[in-house]
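Everything on this sheet refers to the single structure shown next.
Whatever order the structure lists them in is the order used to number ligands and atoms, beginning at 1.
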Amino acid sequence: MATTSERPNIVFIMSDDHAAHAISAYGSRINETPHLDRIADGGIRMDNAFCTNSICAPSRASILTGTHNHVNGVTTLNTHLDNSLWTFPQELQAAGYQTALYGKWHLGHGEGHDPVGFDRWRVLPGQGHYHNPVFVDSEKGIVERGGYVTDLITNDCLRSLDRRDPDRPFALFCHHKAAHRTWEPDPAHFTMYDDVDIPFPETFRDDLEGRAEVVQAVRMKMLDLDPIIDLKATVPDGLTLDEEIDWRYQRYIKDYLRVVASMDDNIGRMLDYLDEHDLTDNTIVVYTSDQGFFLGDHGWFDKRLMYEESLRMPLLIQYPDGITAGSVSDDIVTNVDFGPTLLDLCGVDVPDDVQGRSFAPLLRGETVDDWPGSMYYRYWMHNDWAHACPAHYGVRTHTHKLICYYNDPLDQPGASGPANPIEWELFDLVKDPLEVDNLYGRPGTEAITAELTAELERLQLEVGDTPYPAAS
Ligand code: CA
């Protein structure tokens, strides 16, 4: 195979706000994703991949830098990446990889914030647009283009593969805008699902009783969707409140699934290209999303909270030369581990000050005795302009989750007051996987609460984060 080198290639596909439970390989009840399933079938499905901060820019910064947000400084949507920081694409570039980035960046623009570590990049300014998007190109500046964003990003990626130097490995970063709000489908999928009702999630009518007061108050309910902007319609006359909530869900989730469907089609194009050019065996194909999303779960849309649907990232990795097809792992990994893992798979050293740890041995099916059984999470953007989501941090293990809503903006950009009293939530994920029964403070939970509190403090010490003074 003259077109491949010994070092593997990388195709890193990252979407935006695509929850694992909208992927059929993860058992979706609401859609089919045949091409994403090809990646799962041909490689490994990671069932416990979590983000350390469930929001766009911070998760992307953690992926690129291999560090938590208090270290890389991208704590909220209003903080931009300092592009003098180490990132794993730069390390690949320095190791001789051809590197390119197409699609969403969302970490700031201009000197100090533009993408670095890529031989070529063409990114959407800010969130970008679904239809006829403008791109910013590293060589051409502003590029105006007609078409649909998911198709255009894929076209750019395939063209860059056409132009690659076959004698050097490549690392291609394909960052889709989909499935971010405001979920605008392409014409081929406009009428998909028109004739069906999408099933409602089990917790759609969750009344949030017993959960933290700040959680009950978040503005991520179906009634918080803007009918015109988000749902592209006016609310029909004569509906009861419950009927209106149902109607809103159907409008929301159908558009969400339509933009996912076009992404799945385009990922199929990418996989076909690799097959047709004899690249599949020696290419690591990663599919992930910057975080999860509520798909009507608990009555919500959006992310931010440490609840499962938002915390979990889809993570599918295909690498025929290195990973057994059809593997599944339930080991806990986080977004800070992604960079070190890919470097490890490519035989590139990881600097000591990177916080993430390579999970390449887990991908190979090896048992790692000291692999962590817990992860640390922190959401900083207290009471942001739109979602009123509280600042919180917490720990998740294989069986439990403890969340401290410390409820203080702490002068973080984009966060706002007022600070609220501290509240806690405790979930038993084995008995209560849907997280509807907050056990915090209940008799009989003293031992597990003490254990999780100690683990939370240990993790904060380990990653160098500062506990909220009044919470410790
Ligand atoms: Ca996102």
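- Distances from the Ca ion (ligand 1) to the N/O/S atoms of Asp17 are shortest for OD1.
- When each of Asn48, Leu315, Leu363, Thr341 is checked for a side chain to side chain contact (heavy atoms under 4.5 Å, CB included) with Val333, only Leu315 meets the rule.
- A salt bridge is defined here as a Lys NZ or Arg NE, NH1 or NH2 lying under 4.0 Å from an Asp or Glu carboxylate O, and Arg211 with Glu425 fails to meet this definition.
- Cys56 contributes SG and Asp16 contributes OD1; the angle these two atoms make at the Ca ion (ligand 1) is 90°, rounded to 10°.
- For Lys401, the salt bridge (Lys or Arg N to Asp or Glu O under 4.0 Å) test picks out Glu308, Glu435, with sequence neighbours left out.
- In this pair, Tyr393 and Tyr376 present their aromatic rings tilted. The plane angle is within the 30 to 60° band.
- Among heteroatoms of the N, O or S kind in Asp290, OD2 lies nearest the Ca ion (ligand 1).
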